[in-house]
S.K.: 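Just dropping this structure here.
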2 protein chains.
Amino acid sequence: MAIIFSRKCELGIQAVLYLSSVEGRNVIPSEEIARELKIPKEFISKILQELTSSGIVSSKKGKMGGFSLAKNPNKIHLLDIVLAIDGSEIFSKCVLGFPNCSSETPCPMHNTWSQLIDETFKMLNEETIDQFKHKTLRKIESLK
Amino acid sequence: MAIIFSRKCELGIQAVLYLSSVEGRNVIPSEEIARELKIPKEFISKILQELTSSGIVSSKKGKMGGFSLAKNPNKIHLLDIVLAIDGSEIFSKCVLGFPNCSSETPCPMHNTWSQLIDETFKMLNEETIDQFKHKTLRKIESLK
DNA sequence: TATAAATCAGATATTTTTGTCTGATTAAAA
DNA sequence: TTTTAATCAGACAAAAATATCTGATTTATA
Ligand code: SF4
Ligand code: SF4
């Protein structure tokens, strides 16, 4: 179903982008995130809990509680979210699923694929979520 | 678990590569493919059945039966196998899982991602499996 | 023609991923 | 201090993907 990120990771990125796109507010309740992104509240809470424990998001309990970014958006890379949720496997595993990969016996697709995944890595590692604010807002607007 | 292709697709590609790498033999029983690739016989049969019905592989029933390529290996593109098993979704879906994609409201990752997936498509569409023979043989050797 | 060795089809089982529920805890505000 | 609105933690449920099994069918060959 999902292309390259797990569904949890897709939604985690969406939620973090949402958090980065709302300005001048302390914390955002998961209910609002769920409503805006059109996904179940319970699921996005679960995912944001994971991101909280890995230090990307911070949470405030109790009434008037909710989630917010744990750091400045220009310090949060897309890669951080991917690693926190899906781990680093996609960057090292064989695209054809062969076991015991070694570069001495590269499988047929190795060269092209490793180049592509390297570029993906670079992009995720360079882009910070503050660069996305404007586009995120338009995207969320279009969901309505 | 799998990166971008489903496990079935990974194994389908492996099996087709194996078929292309054995020379001068009519048909290969699934038992041999399973043994060489170290995967369950029943699973690879199932997958090869799918590839048979989509015309990439052909099968011969009965004693001395087995599977073989349905066409000349220089006519079989990696893309054929991917489309037959996983379909074309990966080439069109949003990498962040947003619904109702439209290029008027591209999501933040769109530009970079669409470039990468285009390159992947091109590669899968250009490379034919006969180009892989030598490397495939070495890879299979290394599994032993 | 009988036997053996293979695919084929479809049902079933297992595992993983995705999603939901429940109850405890926390904290703001009445 | 009580009520209310939120996260949190972990169990649970459902769905999808992956894998296995069983029996029917097919075909080569003795
Ligand atoms: S060399 Fe081949 S088997 Fe190893 S990681 Fe690369 S693509 Fe996979
Ligand atoms: S524009 Fe955004 S939402 Fe649409 S396909 Fe591209 S990445 Fe996905």
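Remember, it's a predicted structure, so these values are computed and weren't measured experimentally. Chain naming here is simple, since letters A, B, ... match the order of the sequence lines and numbering starts at 1 in each.
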S.K.: Write out all pairs satisfying side chain to side chain donor-acceptor pair (under 3.5 Å) with one or both partners inside residues 42-54 of chain A, taking only residues at least two apart or from two chains.
M.R.: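 Side chain to side chain donor-acceptor pair (under 3.5 Å) check on residues 42-54 of chain A returns A:K8-A:E50, A:S30-A:S45, A:K46-A:Q49.
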S.K.: Salt bridge between B:E10 and B:R7, side-chain N to carboxylate O under 4.0 Å?
M.R.: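 Looking at B:R7 together with B:E10, the answer is yes, because their closest N to O distance falls below 4.0 Å.
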S.K.: What pairs of residues pass the salt bridge (charged side-chain N to carboxylate O under 4.0 Å, His left out) test when at least one of them lies in residues 67-84 of chain B, not counting sequence neighbours?
M.R.: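 Every candidate salt bridge (charged side-chain N to carboxylate O under 4.0 Å, His left out) pair involving residues 67-84 of chain B fails, so no pair, neighbours aside, qualifies.
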S.K.: Closest to the A:P40 side chain: C:dT20, D:dT20, C:dG19?
M.R.: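 Selected nucleotide: C:dT20.
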S.K.: Within the structure, does a side-chain N or O atom of A:S30 lie under 4.0 Å from either OP1 or OP2 of D:dT7?
M.R.: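 For D:dT7, OP1/OP2 do have a side-chain N/O of A:S30 under 4.0 Å.
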S.K.: Counting distance alone, no hydrogens or angles: does the base of D:dG10 have a donor or acceptor under 3.5 Å from a partner atom on the side chain of A:K46?
M.R.: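 Side chain to base: pair present.
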S.K.: Rounded to whole Å, please give me the gap between CD1 in A:I47 and P in C:dT20.
M.R.: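 So the CD1-P distance, A:I47 to C:dT20, works out to 11 Å.
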S.K.: So which pairs with a foot in residues 60-69 of chain B pass salt bridge (charged side-chain N to carboxylate O under 4.0 Å, His left out), sequence neighbours left out?
M.R.: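 Sorted pair list comes back empty.
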S.K.: Who passes ring-ring contact (aromatic ring centres under 6.0 Å, His included) against A:F91, sequence neighbours left out?
M.R.: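 A:F91 satisfies ring-ring contact (aromatic ring centres under 6.0 Å, His included) with A:F121 once adjacent residues are dropped.
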S.K.: Using side-chain contact (heavy atoms from CB on, under 4.5 Å), reason through B:I4 and A:W113 one step at a time and then give a plain yes or no.
M.R.: CA-CA 11 Å; B:I4 187 164; A:W113 178 258; 3.7 Å; yes
S.K.: For B:E31, give me all partners under side chain to side chain donor-acceptor pair (under 3.5 Å), at least two apart in sequence or on another chain.
M.R.: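 Expected list: B:R35.
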S.K.: Let me know the distance between CG of A:L37 and P of C:dG19, rounded to the nearest Å.
M.R.: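 Distance, rounded to whole Å: 13 Å.
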S.K.: Between D:dT18 atom C1' and B:E50 atom CD, what is the distance in whole Å?
M.R.: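 One finds 12 Å between C1' of D:dT18 and CD of B:E50, rounded.
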S.K.: How long is the line joining CG of B:L51 and P of C:dT7, in whole Å?
M.R.: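 That distance rounds to 14 Å.
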S.K.: Which whole-number value in Å describes the distance from B:E42 CD to C:dA9 C1'?
M.R.: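 That distance rounds to 14 Å.
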S.K.: Side chain of A:Q49 only, please: which of D:dA19, D:dT20, D:dA9 is the nearest?
M.R.: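 When the side chain of A:Q49 is considered, D:dA9 is the closest of D:dA19, D:dT20, D:dA9.
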S.K.: Let's test your reading of the model: under 3.5 Å, does the base of C:dG19 pair with the side chain of A:K8 as donor and acceptor?
M.R.: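 No, no donor-acceptor pair under 3.5 Å.
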S.K.: Could you encode protein contacts along nucleotides 25-30 of chain D as a string, one character per nucleotide from 5' to 3', using B for base contact, S for sugar-phosphate-only contact and - for no contact, with a heavy-atom cut-off of under 4.0 Å?
M.R.: -BBB--
S.K.: For the pair made of CD1 in A:I28 and P in D:dT7, what is the distance, rounded to whole Å?
M.R.: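 It is 11 Å, rounded to the nearest whole Å.
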S.K.: Starting at atom CZ of A:F43, determine the distance to atom P of D:dA14, rounded to an integer number of angstrom.
M.R.: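 So the two atoms are 16 Å apart, to the nearest Å.
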S.K.: Measure from CD on A:E31 to C1' on D:dT4 and round the result to the nearest Å.
M.R.: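 Those two atoms, CD and C1', are 15 Å apart.
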